[in-house]
**Q** 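For reference, the structure I am asking about is given below.
Everything numeric here is computed off the predicted structure, so don't read it as measured data. Protein chains get the first letters and strands the later ones, always in sequence-line order, with residue 1 at the start of each.
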Protein chains: 2
Amino acid sequence: MQCERSAVTSTDHSTATPGPTATAQVHEAIKQRILDGTYRPLQFVREAAVARELAVSRTPVREALRELVSEGWLEAIPHQGARVSEWTADDAREVFELRLVLEPMAVGLAARRMDPATMTQLKDLATRMEALTEGPLGGAEHSELASLNHCFHRLLIQASGNQRLAQMLESVVRTSIIRRNFASYDREALHRSMQHHREMLTAIAADNAAWAENVMRAHLLAARELHTTIVTSPDTAR
Amino acid sequence: MQCERSAVTSTDHSTATPGPTATAQVHEAIKQRILDGTYRPLQFVREAAVARELAVSRTPVREALRELVSEGWLEAIPHQGARVSEWTADDAREVFELRLVLEPMAVGLAARRMDPATMTQLKDLATRMEALTEGPLGGAEHSELASLNHCFHRLLIQASGNQRLAQMLESVVRTSIIRRNFASYDREALHRSMQHHREMLTAIAADNAAWAENVMRAHLLAARELHTTIVTSPDTAR
DNA sequence: ACCCTTGGAATTGCATGCAATGTGAGAGAA
DNA sequence: TTCTCTCACATTGCATGCAATTCCAAGGGT
């Protein structure tokens, strides 16, 4: 999921220190376990247990937990510990409302500030995804597709030239992407999705921000339609 | 600056624990000193010094610093410490771009989900602000006005029914509000600002989200115009 | 004069021990 | 049976000591 970001001169003041410090390692380890499902929602993450399993003392574990709480991965209850945040229908609604506003904003800004190098990378990603959709579609392809799609959106957002916006979207989408796959996409939906990507790049190249923004909205709304029709049962719409 | 929030059932997973724990107290104390200007931009906040001055050990200080870093107040440099984040023209641009999108979104959502009790409070705040603008305008009035204005916007955003949106705006505007006063507003600008508030409430009462959104955009753009024209000298526009 | 190296001081990073707090089980009474 | 009180346990919160790393300045070499 590293997306090979190019020339990031930014002051990455998001996830503190991805350095070799014990705290950073614990931070990543716990995050991984949340994504893995090892730590399930509402389950408490005991600092003594984590310290034992990762062979460090409780101190770096405590600091990692604090960071994860501030970033929204965990919720802290004083004198009781930190537990994995729950994911409700309301959370899904909130996140979607935000994405529907922030991602079009990002591509709109990107349309005004795009640089050739980034555009080349984006086109490359789009091409690779299109190639994937034309072959057989197994689990490996779906996984690869999800990864490339994530990189595409991420790169596009970075191109907005607004670090805060990028950070917000990062922290907002990640929670909803615990398992974002394309298994539920039929060939038509898949083709349309790829078409959207290509169209956004065309709009950006044409310096037409409004066009790009609206394609992005269509892209998100179409994706939501698929997911809500699949999940069916619980009324996710408010 | 407490705004007497009403019936907040939300899972406040923002600023960890405003409880009576030492960490929370240190957290608030440092935040206050940043706002005060006691800690200036790029200045390092040494944990030993803070611990000595607040009469606690280094442990709660360390944890408070970690939280403040995650929240964007400080930036951490591994093995070197945490220092107050700098505020550049680029930061101002990023924040304004975000506010110009997020605040209209918030009032738009609020227009669809407004409840009578909140509307009453908003009208009360607007009335009090209008009353202030009609009398003499000294420092005290400006300060009170800034406080009421902050509460008005905050309450409006809460009424959006999107906790994540509210949290984002909170974390985005606070940094730019280190000194947000109305001293540079002449009577005409002040009157227009109050008119905007009232008009937004009217639009919301009329269930007209688009109207409310556009008044908010005008409100923000007008405010920015005032600040950029006052500051003059250094070219703040990139 | 300039650069590289090498100490030492300051600071953060981590481990451990103890105190404070909250939780849950079990005993006792209504 | 059910409610309440109590007490022991588990867990977090905080303090302190030591190790690791960085920065800066002084000294020697080129």
**Q** In whole angstroms, how far is the P atom of dG24(C) from the NE2 atom of His79(A)?
**A**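 One finds 16 Å between P of dG24(C) and NE2 of His79(A), rounded.
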**Q** Do we get Arg99(A) above Phe96(A)'s six-membered ring, with its NZ or CZ under 6.0 Å from the centre and within 45° of the axis?
**A**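 Arg99(A) over Phe96(A) ring: no.
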**Q** Once you round it to whole Å, what is the distance between C1' of dC14(C) and CZ of Arg62(B)?
**A**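 The distance from CZ of Arg62(B) to C1' of dC14(C) comes to 8 Å, rounded to the nearest Å.
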**Q** In whole Å, what is the span from the CZ atom of Arg52(A) to the C1' atom of dT16(C)?
**A**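 Value for this atom pair: 16 Å.
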**Q** Nearest nucleotide by nearest heavy atom, which residue falls closer to the 5' end of DNA chain C, Val45(B) or Arg58(A)?
**A**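 Counting from the 5' end, the first nearest nucleotide belongs to Val45(B).
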**Q** Send over the distance from Glu75(A) CD to dT12(D) P, rounded to a whole Å.
**A**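 Going from Glu75(A) (CD) to dT12(D) (P), I get 15 Å.
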**Q** Nearest heavy atom decides the nucleotide; on that basis, is Glu47(B) or Ser57(A) closer to the 5' end of DNA chain C?
**A**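 Whichever sits nearer the 5' end wins; that is Glu47(B).
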**Q** Let's see if you can work this out: which of dT11(C), dC23(D), dC14(D) has an atom nearest to the side-chain heavy atoms of Arg46(B)?
**A**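 The answer is dT11(C).
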**Q** Nearest-nucleotide wise, let me know which of Val56(B) and Gln80(A) is further upstream toward the 5' end of DNA chain D.
**A**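 That would be Gln80(A).
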**Q** State whether a side-chain donor-acceptor pair under 3.5 Å links Ser70(A) with Glu67(B).
**A**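 Absent: no donor and acceptor within the cut-off.
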**Q** Between dC23(D) atom P and Arg83(B) atom CZ, what is the distance in whole Å?
**A**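 From Arg83(B) CZ to dC23(D) P: 11 Å.
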**Q** To the nearest angstrom, how far is Phe44(B) atom CZ from dT12(C) atom P?
**A**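 After rounding, the reported distance stands at 9 Å.
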**Q** When the distance from CD1 of Ile77(B) to P of dT12(C) is rounded to whole Å, what number comes out?
**A**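 Rounded to the whole Å, the gap is 11 Å.
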**Q** In whole Å, I'd like the distance from the CD atom of Glu63(A) to the C1' atom of dC14(C).
**A**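 Result: 8 Å.
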**Q** If you measure from the Lys or Arg side-chain nitrogens to the Asp or Glu carboxylate oxygens, is any gap between Glu28(B) and Lys31(B) under 4.0 Å?
**A**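 Salt bridge: yes.
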**Q** Could you grab the distance from atom CG of Leu122(A) to atom CG of Leu201(A), nearest 0.5 Å is fine?
**A**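 Going from CG on Leu122(A) over to CG on Leu201(A), the span is 5.5 Å.
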**Q** Where the side chain of Thr59(A) is concerned, which of dG13(D), dT16(C), dT16(D) is the nearest nucleotide?
**A**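 Of dG13(D), dT16(C), dT16(D), dT16(C) is nearest to the side chain of Thr59(A).
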